[in-house]
Number of protein chains: 2
Amino acid sequence: MSLPFLLLGMLRLPATGYDLKKAFDGSLRHFWSAELSQIYPALQRLEEEGKLRSRRSPSDAGPARRVYRRTARGTRALHDWLREEPVPAAVRLPYLGQLCFLGEIEDGAATGAFLRKLREQFAERVAVLRRIEAEWFADEEQLSGEDFHAHLTVRFGVTRAEASIAACDEALARWKRRKERR
Amino acid sequence: MSLPFLLLGMLRLPATGYDLKKAFDGSLRHFWSAELSQIYPALQRLEEEGKLRSRRSPSDAGPARRVYRRTARGTRALHDWLREEPVPAAVRLPYLGQLCFLGEIEDGAATGAFLRKLREQFAERVAVLRRIEAEWFADEEQLSGEDFHAHLTVRFGVTRAEASIAACDEALARWKRRKERR
DNA sequence: TAACCCATGTAAAAGGTTACATGATTTC
DNA sequence: GAAATCATGTAACCTTTTACATGGGTTA
């Protein structure tokens, strides 16, 4: 449901499917991702609907690129979506499922090891986001309206990942206290 | 990939597909959900694989219920999954996609309205989770190992939702400052 | 009597991942 | 000479949602 709108949003400037994939793997990674095999058909469909138009353009290396640009109709569709209420996320966190049932194999170490590993994963995510922040959004005052908003989303990612680290620490502390009490 | 393991985990005590659906809609809602049309076939499949066994049992009201219980093989499969590393979540947050591109329609109000609405949604989630906490996990010392771990997941949910509220507030503050500067 | 809860399922469609196919250019 | 990057796509499969089908009992 959201992917076509994200593609429209990313196409403020003309780009190819391959370019968009790199954006998903880079600065958008913390809130969305998509495979090339999903991106290409989605772009074709948006073109059929008149929201994008494409042109072949020769490439320096490899096959000809297909460069997409947004049409007026595409811009209208995007802006309509942007004016809607925040679309709630379908939360699916398998690691919380694991944590939820880890009580069943509690051998005095399993939960602790799991939480420490989880903490590491979140710490790594914070590091990645901070690198993106430093690289693309360093000088606050100079940001365009578009970059300002992109930066806000990175700030969201950082805040949430740091909160997850805090949740790991709290869980570890509770778990240790509980272990000592028995 | 994770759903069958979650069902196995939820079936520490015997239950029907309908019961499991209610659990997804209740205390598990903050990290997973599933429709009945996905749950029933998944249970059938787990039974074919010998990880569950089911018995029909008459119901007070309505049709006969099919009660599933975990087999030794099912328990083994679950515990193997629990001993794996934390399974990373596939993050897909459409609302951050909206926020990311809202710079395009900045009319002096759009972003602010969006962030305030988003904040409300997170506040509602915190309220729901706090209600669950008060209802099921009130007396810390008395919790069984299973309930203790379930409580940890709720704490994760609260911490992350509160961080999201903080991120909204930070974004609103930045956005106002930026508006005044221009 | 209408709406809702109980209870189980199937079918179709949409969204997403993995695997396959092709082929040029650059880097190690 | 092998691996990685550039570049586009199709096919098969898996996961998830929405819609359909059935029917008894309870509540407003």
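Predicted model, so just to flag it, every value in this text is computed and none were measured. All chains are named by letter (A, B, ...) in the order of the sequence lines, taking the proteins before the strands, and each is independently numbered beginning at 1.
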Participant: For B:Glu35 and C:dA11, what is the distance between atoms CD and P respectively, to the nearest whole Å?
Facilitator: 18 Å

Participant: Give the rounded distance in Å between these two atoms: CG of A:Leu20 and P of D:dC6.
Facilitator: 14 Å

Participant: 5'-most contact on DNA chain C: B:Lys22 or B:Tyr68, nearest heavy atom basis?
Facilitator: B:Lys22

Participant: In whole angstrom, give the distance that lies between atom CG of A:Leu7 and atom C1' of C:dG15.
Facilitator: 13 Å

Participant: Choose from C:dG9, C:dA7, D:dT18 the nucleotide whose nearest atom is closest to any side-chain atom of B:Arg66.
Facilitator: C:dG9

Participant: Once you round it to whole Å, what is the distance between C1' of D:dT5 and CG of A:Leu36?
Facilitator: 12 Å

Participant: Whole Å only: how far is the CZ atom of A:Phe24 from the P atom of C:dG16?
Facilitator: 10 Å

Participant: B:Arg65 side chain N/O closer than 4.0 Å to the phosphate oxygens (OP1, OP2) of D:dG24?
Facilitator: no

Participant: Between D:dG9, C:dT17, C:dG9, spot the one nearest the side chain of A:Arg56, thanks.
Facilitator: D:dG9

Participant: On DNA chain C, does the nearest nucleotide to A:Leu3 precede the nearest nucleotide to B:Pro41 from the 5' side, or the other way round? Give the residue.
Facilitator: B:Pro41

Participant: Taking the side chain from A:Glu104 and the backbone from B:His79, do they hold a donor-acceptor pair closer than 3.5 Å?
Facilitator: no

Participant: For B:Ser37, report the nucleic acid contact type (base, sugar-phosphate, nothing); a contact means any heavy atom under 4.0 Å.
Facilitator: base

Participant: Between D:dT5, C:dT8, C:dG16, which nucleotide gets closest to the side-chain atoms of A:Tyr18?
Facilitator: D:dT5

Participant: In whole angstrom, give the distance that lies between atom CG of A:Leu6 and atom P of C:dG15.
Facilitator: 13 Å

Participant: Over how many whole Å does the gap from B:Asp19 atom CG to C:dC5 atom P extend?
Facilitator: 16 Å

Participant: Has A:Gln98 got a side-chain atom pairing as donor or acceptor with B:Trp81's backbone, closer than 3.5 angstrom?
Facilitator: yes

Participant: Do side-chain atoms of B:Asp107 reach the backbone of B:Ala109 as a donor and acceptor pair under 3.5 angstrom?
Facilitator: yes

Participant: What is the distance from CG of A:Leu43 to P of C:dG15, rounded to the nearest Å?
Facilitator: 15 Å

Participant: Considering only distance and modelled atom types, tabulate donor-acceptor pairs under 3.5 Å from the side chains of residues 6-21 of chain B, sequence neighbours left out.
Facilitator:
from: B:Thr16; atom 1: OG1; to: B:Tyr18; atom 2: N; distance (Å): 3.4
from: B:Thr16; atom 1: OG1; to: B:Asp19; atom 2: N; distance (Å): 3.0
from: B:Thr16; atom 1: OG1; to: B:Asp19; atom 2: OD1; distance (Å): 3.4
from: B:Thr16; atom 1: OG1; to: B:Asp19; atom 2: OD2; distance (Å): 3.1
from: B:Asp19; atom 1: OD2; to: B:Thr16; atom 2: N; distance (Å): 3.0
from: B:Lys21; atom 1: NZ; to: B:Asp25; atom 2: OD1; distance (Å): 3.2
from: B:Lys21; atom 1: NZ; to: B:Ala34; atom 2: O; distance (Å): 3.0

Participant: Side-chain N or O of A:Gln38 versus OP1/OP2 of C:dT17: is the shortest distance under 4.0 Å?
Facilitator: yes

Participant: Begin with the C-alpha distance, continue with both residues' side-chain angles, and end with the deciding distance and a verdict on side chain to side chain contact (heavy atoms under 4.5 Å, CB included) for B:Arg181 and B:Arg178.
Facilitator: CA-CA 5 Å; B:Arg181 269 213 324 275; B:Arg178 184 183 163 89; 4.2 Å; yes

